Amino acid sequence: MWKNQKPFPMSPIQEETRSIESINQQKEMGIKVIEEITAVSQQTTASSEEIASSMEEQAAASNELAQYTQKLTQLITDLEHTLGEFQIKN
């Protein structure tokens, strides 16, 4: 353009085209944000499932330990009773 020359005014079609392009760019940005949120949500879900699984394993291990403790206590009681039947002679 020449120094003193004014730019041509945009036609309504050009204005609409620019508006549509702008809307498309904003739409693409919105889609990317939604995809990122979805990815983070999926990662969070996976982590939550791993934590829940670990908690179930720990609960099962705690229950098993409680059962072994109960059995050991019973064995100690039985042993004390059996040993009580013996008499030591001097």
Side-chain angles (χ1 to χ4, degrees):
M1 284 195 231
W2 304 103
K3 271 189 174 179
N4 295 330
Q5 186 179 9
K6 293 183 180 180
F8 292 109
M10 289 194 326
S11 72
I13 292 175
Q14 289 173 324
E15 289 178 22
E16 288 299 318
T17 301
R18 282 194 179 176
S19 292
I20 290 170
E21 288 172 356
S22 175
I23 290 169
N24 278 335
Q25 288 175 350
Q26 291 174 1
K27 177 190 78 168
E28 291 300 320
M29 287 176 27
I31 289 171
K32 286 180 183 178
V33 168
I34 290 170
E35 288 172 346
E36 289 174 10
I37 291 170
T38 301
V40 169
S41 177
Q42 289 172 344
Q43 290 172 350
T44 301
T45 300
S47 295
S48 295
E49 289 173 354
E50 287 179 29
I51 290 169
S53 176
S54 293
M55 290 176 66
E56 287 177 11
E57 289 175 12
Q58 286 180 352
S62 293
N63 286 337
E64 190 174 349
L65 181 60
Q67 290 173 359
Y68 287 134
T69 301
Q70 188 176 25
K71 180 67 176 172
L72 182 59
T73 301
Q74 183 62 47
L75 289 172
I76 290 171
T77 301
D78 292 347
L79 180 60
E80 287 174 343
H81 177 69
T82 302
L83 288 176
E85 294 177 1
F86 290 98
Q87 293 181 359
I88 300 176
K89 296 183 180 180
N90 287 332

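These numbers were taken from a predicted model, which means no experiment stands behind them. Counting from 1, the numbers follow the sequence of the chain as shown.
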Could you go through the side chain to side chain contact (heavy atoms under 4.5 Å, CB included) check for Glu36 and Val40 one step at a time? CA-CA 6 Å; Glu36 289 174 10; Val40 169; 5.6 Å; no
Just by distance, do the side chain of Ser53 and the backbone of Glu49 share a donor-acceptor pair under 3.5 Å? no
Rounding to 0.5 Å, atoms CG (Leu72) and CD (Gln67) come to a distance of 13.5 Å
Should His81 and Thr77 count as side-chain neighbours, where that means a heavy-atom distance under 4.5 Å? no
Would you say CD of Gln70 has more than 12 non-hydrogen atoms from neighbouring residues, nucleotides or ligands within 6.0 angstrom? no
d(Lys27 NZ, Ile23 CD1) to nearest 0.5 Å is 10.5 Å
Over 12 non-hydrogen atoms of neighbours within 6.0 angstrom of CD1 in Ile13: no
Using distance alone, with no hydrogens and no angle criterion, decide if Asp78 and Gln74 have a side-chain donor and acceptor under 3.5 Å apart. yes
Quick one: which of Leu83, Ile76, Leu75 gives a side-chain contact (heavy atoms from CB on, under 4.5 Å) with Leu79? Leu83
Is a side-chain donor or acceptor of Ser41 paired with a backbone partner of Ile37 at a separation under 3.5 angstrom? no
Can you tell me if Ser22 uses its side chain to pair, donor with acceptor, with the backbone of Arg18 under 3.5 Å? no
